[in-house]
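Below is one structure, written out as structure tokens; the observations come after it.
Whatever order the structure lists them in is the order used to number ligands and atoms, beginning at 1.
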Amino acid sequence: MPVYHRRPRWAIAEAQATPEDVFLNRRSILQGMGLAGLALATAAATRPARGQDGGLYPASRNDAYKIERDLTPEDISSRYNNFYEFGSHKQIHRAAEALVTDPWDIEIDGMVEEPMTIAFDDLEKRFPLEERLYRHRCVEAWSMTVPWTGFPLGALVDHARPLSTARYVRFETFNDPAMASGQKQVWYPWPYVEGLTMAEARNDLAFMVTGVYGKPLANQFGAPLRLALPWKYGFKSIKSITRISFTDQRPKSFWEQIAPNEYGFWANVNPEVPHPRWSQATERVLGTNEDVPTVIYNGYGDEVAALYEGLEGESLFM
Ligand SMILES: Nc1nc2c(c(=O)[nH]1)N[C@H]1C(S)=C(S)[C@@H](COP(=O)(O)O)O[C@H]1N2
Ligand SMILES: [Mo]
């Protein structure tokens, strides 16, 4: 099989990156469409993925997570997504309409006192929802700032009652090629998998996301349930989670399986550690296209740096 099929989109040289060009042109296209077009585009972006949300959205904002950066406009962030299950380019929002999120069950298994299956609807009501403004830094050197709605992953970990011998949490996305056209690309190691240490999972910043922009998650953002890990490169923030397993084995993530020399387990943001094929020193801000300096741990060092004390021998930044 051709090597380029095994490469992520960002493996392609900057000059050939057509989705990028599409993105850069999008704003002028929208302007050309006029107000009616804009309204339509926004309506599609904001269409709640699920039927009733029981008045859970918008949730009240937790002001501990305010940041100075401007929020990325929804019509930008909902039209520029990485979700390889629906295609290995950024314009997957239409294809992602095929994602069926109702009903949606999440399996919790592995090293737990008792395995369980939770319906998403029950999960969403069990934990108090709050809104947090988070930075998001993709390994491809673009970034956005979004208002996620959800609850701390730590609350779900407690609910799952892991055994004291569990060392990692492993997350898995659905695998359904009939629904998700990208999963017909059999050279990818589906399903998408990600992992955290127990300490990372219990860190207060690790957030289980059920909504964004004050509404239930639109499909392209990873409905109905995804992670947000703002101090790590974006690929760690797995979408459309169907299974959460506790284990004593370090999970091998989707991208680590594809290119272990480029994508590792830790993937903490660090401007001083370049990707093997490009610099991570700056990032392009979605919406303004301004290049700004990237910050260690994406600006969350006070909250997370202690997690990595004593692990200096590991590849913490890839
Ligand atoms: N299941 C799944 N989760 C995923 C991805 C994916 O392709 N599939 N892409 C990751 C990457 S590389 C990034 S940058 C973010 C993008 O999230 P966004 O589209 O909401 O901006 O999702 C992450 N989670
Ligand atoms: Mo990413």
Side-chain angles (χ1 to χ4, degrees), residues 7-11 17 19-20 23 45 49 71-93 95-96 99 101 104 106 134-150 170-177 179-183 185 188-196 207-213 215-244 251 253-259 262-263 267 269 275 278 280 283-287 294 298 318:
R7 290 281 176 221
R9 190 69 197 179
W10 56 85
E20 189 104 337
F23 168 74
L71 284 186
T72 307
E74 182 181 2
D75 68 300
I76 302 281
S77 58
S78 62
R79 291 286 184 276
Y80 190 83
N81 303 95
N82 276 330
F83 200 169
Y84 276 64
E85 285 80 348
F86 294 99
S88 44
H89 55 86
K90 297 293 186 282
Q91 274 67 44
I92 53 78
H93 53 275
L99 173 60
T101 59
W104 191 275
I106 296 116
Y134 270 4
R135 299 159 175 253
H136 174 96
R137 171 58 160 80
C138 177
V139 75
E140 300 163 320
W142 55 265
S143 70
M144 61 179 186
T145 304
V146 277
W148 299 120
T149 304
R170 179 184 181 278
F171 302 86
E172 202 176 281
T173 299
F174 64 84
N175 190 5
D176 185 349
M179 176 176 77
S181 51
Q183 292 186 319
Q185 300 182 301
Y188 286 114
W190 309 112
Y192 200 100
V193 168
E194 261 305 338
L196 293 173
F207 203 47
M208 285 260 85
V209 172
T210 62
V212 69
Y213 296 101
K215 292 162 293 190
L217 278 180
N219 287 356
Q220 63 268 38
F221 285 110
L225 182 71
R226 68 171 293 169
L227 265 180
L229 305 165
W231 71 99
K232 292 178 177 287
Y233 290 117
F235 66 86
K236 298 289 296 181
S237 294
I238 183 173
K239 295 178 168 182
S240 301
I241 295 165
T242 55
R243 187 173 169 205
I244 301 175
S253 76
F254 181 78
W255 287 115
E256 194 180 358
Q257 291 172 57
I258 294 168
E262 304 193 353
Y263 309 103
V269 174
H275 183 276
W278 61 85
Q280 295 290 19
E283 62 205 57
R284 179 176 56 83
V285 179
L286 290 195
T294 288
N298 203 23
M318 67 159 269

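Per-residue contacts place C138 under 4.0 angstrom from the following atoms of ligand 1 (heavy atoms of the residue considered): 14 (S). Annotation for ligand 1: atoms under 4.0 Å from non-hydrogen atoms of M144 are 21 (O). For ligand 1, the atoms closer than 4.0 angstrom to any heavy atom of I238 are 3 (N), 24 (N). Which parts of ligand 1 touch N81 is read off a 4.0 Å heavy-atom cut-off, strictly below it: atoms 18 (P), 19 (O), 20 (O). Atoms of ligand 1 found under 4.0 Å from any heavy atom of F235, numbered from 1 in the order shown, are 10 (C), 11 (C), 12 (S).
S78 and Y213 share no donor-acceptor pair across their side chains, judged by distance under 3.5 Å alone. Between the side chains of K90 and N82, at least one donor N or O sits under 3.5 Å from an acceptor N or O.
A heavy-atom distance below 4.5 Å is found between the side chains of N175 and Q183. Two residues are said to be in side-chain contact when any heavy atoms from C-beta on lie closer than 4.5 Å; E172 and Y192 fail this criterion. You'll find the side chain of Q220 stays beyond 4.5 Å of the side chain of Y80, heavy atoms only. Side-chain contact between M208 and L227: present, with at least one pair of heavy atoms (C-beta onward) separated by less than 4.5 Å.
Under 4.0 angstrom from ligand 1, the non-hydrogen atoms of Y192 all belong to its side chain. At a heavy-atom cutoff of 4.0 Å, ligand 1 is contacted by no atom of K236, backbone or side chain.
The distance criterion of under 3.5 Å between nitrogen or oxygen atoms is met by E85 with respect to ligand 1. The shortest N/O to N/O separation between T173 and ligand 1 falls below 3.5 Å. Considering backbone and side-chain atoms alike, Y80 places every N or O at 3.5 Å or more from each N or O of ligand 1. In terms of polar-atom proximity, Y84 is counted as a contact of ligand 1, with an N or O under 3.5 Å from an N or O of the ligand.
In this structure, the side chain to side chain contact (heavy atoms under 4.5 Å, CB included) partners of S240, at least two apart in sequence or on a different chain, are F83, L99, W104, T173, F174. Checked against side chain to side chain contact (heavy atoms under 4.5 Å, CB included), M318 has the following partners two or more places apart in sequence or in another chain: S315.
At least one heavy atom of S237 sits less than 4.0 Å from an atom of ligand 1. At least one heavy atom of R226 sits less than 4.0 Å from an atom of ligand 1.
Within the set H136, K239, K90, the minimum heavy-atom distance to atom 18 (P) of ligand 1 is found for K239.
When each of L225, L196, V193, I106 is checked for a side chain to side chain contact (heavy atoms under 4.5 Å, CB included) with F171, only L196 meets the rule.
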